[in-house]
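Read the structure below first, then the notes.
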Amino acid sequence: MRFLIDAQLPLRLVRQLREQGMDAIHTLDLLSGNRTSDAEICDIAESEERIVVTKEADFVHSYILHRRPPRLLLTSTGNISNDELVALFLPALPVMAAAFESASFVELNRTGLITHS
């Protein structure tokens with residue numbers, strides 16, 4: 001899986017994903033960094049076939065209205081530490097991979113994954 005991690009999520013998540021063999025970039029890796037617009041993030045995700053990982057409702061609205069980004073992983077965990085986020089995210093990778101085989105919008109919360117149609 002290829003991920004594009006949005007600005008409000010920690011750079012540490014990218015490092016942890018890379019250690020798991022995933023192709024992951026953060027908005028900080030992009031030319032405009034965390035100032036990269038949502039439209040640019042969607043363009044990059046589409047051209048590089050990346051899953052946008054975000055907490056932002058704006059991406060959910062864009063996905064519902066325009067199917068942009070093409071694949072979206074919403075983290076709806078609320079306020080948790082980076083350690084807790086990584087502890088939820090990494091063990092869910094195999095289930096995420098399976099979910100993205102049939103869905104393009106998946107949500108990670110504190111209890112597991114929700115696949116949206």
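Keep in mind that this is a model prediction, so the values were computed, not measured.
With hydrogens and angles left out, the side-chain atoms of Asn34 and Thr27 include a donor and acceptor closer than 3.5 Å.
In terms of heavy-atom proximity, Pro69 sits nearest to Cys42 at N-SG, 3.5 Å. Closest approach of Asn79 and Arg110 over heavy atoms only: O-NH2, 3.0 Å. Residues Leu93 and Met1 come closest through the heavy atom pair O-CE, 3.7 Å. Contact record, Leu73 with Met96: CD2-SD, 3.6 Å, taken as the closest heavy-atom pair. Across all their heavy atoms, Ile5 and Pro10 have their closest contact at CG2-O, 4.5 Å.
The main-chain N or O of Thr54 is found under 3.5 Å from a side-chain atom of Thr75 such that the two form a donor-acceptor pair. In this structure, the side chain of His26 does not engage the main chain of Leu13 through any donor-acceptor pair within 3.5 Å.
At a threshold of 4.5 Å between non-hydrogen side-chain atoms, the residues Glu40 and Leu31 do not count as touching. Side-chain contact between Val14 and Phe3 is absent, with no heavy-atom pair separated by less than 4.5 Å.
A 6.0 Å sphere centred on CZ of Arg35 holds no more than 12 heavy atoms belonging to other residues, nucleotides or ligands.
Note that NE2 of His61 is 12.0 Å distant from CG of Asp38, once rounded to the nearest 0.5 Å. Atom CZ of Phe89 and atom CG of Leu108 lie 6.5 Å apart (nearest 0.5 Å). Atoms CG and NZ, on Leu9 and Lys55 in that order, are 6.0 Å from each other to the nearest 0.5 Å. Remark: Leu85 CG to Leu90 CG distance equals 8.5 Å, nearest 0.5 Å. Between the CG atom of Leu74 and the CZ atom of Phe105 there is a distance of 5.0 Å, given to the nearest 0.5 Å.
One hydrophobic cluster, built from ILVMFWY side chains closer than 4.5 Å, holds both Leu88 and Leu11. Put simply, Val53 and Leu17 are part of the same group of oily side chains (I, L, V, M, F, W, Y) that touch within less than 4.5 Å, one to the next. Follow the hydrophobic side-chain contacts under 4.5 Å out from Ile41 and you reach Ile64 in the same cluster. In the hydrophobic cluster analysis, where Ile, Leu, Val, Met, Phe, Trp and Tyr join through side-chain heavy atoms closer than 4.5 angstrom, Met22 is grouped together with Leu113.
For Ala98, the side chain to side chain contact (heavy atoms under 4.5 Å, CB included) test picks out no residue, with sequence neighbours left out. In this structure, the side-chain hydrogen bond (donor to acceptor under 3.5 Å, both in side chains) partners of His116, at least two apart in sequence or on a different chain, are Glu107. Legend: residues meeting side chain to side chain contact (heavy atoms under 4.5 Å, CB included) with Ile25, ordered by chain and number and at least two apart, are Leu4, Arg18, Asp29, Leu30, Glu48, Arg50. Contacts of Glu46 classified as side chain to side chain contact (heavy atoms under 4.5 Å, CB included), with partners at least two apart in sequence or in another chain: Arg68, Pro70.
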* After noting the C-alpha distance and the side-chain angles of Phe100 and Val106, does the key distance pass the side chain to side chain contact (heavy atoms under 4.5 Å, CB included) rule? -> CA-CA 7 Å; Phe100 277 109; Val106 175; 3.7 Å; yes
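For the salt bridge (charged side-chain N to carboxylate O under 4.0 Å, His left out) condition, the pairs that include at least one residue of residues 70-86, sequence neighbours left out, are Arg12-Asp83. Applying the side chain to side chain donor-acceptor pair (under 3.5 Å) test to pairs two or more places apart or on separate chains, those with a residue in residues 85-104 are Tyr63-Ser104.
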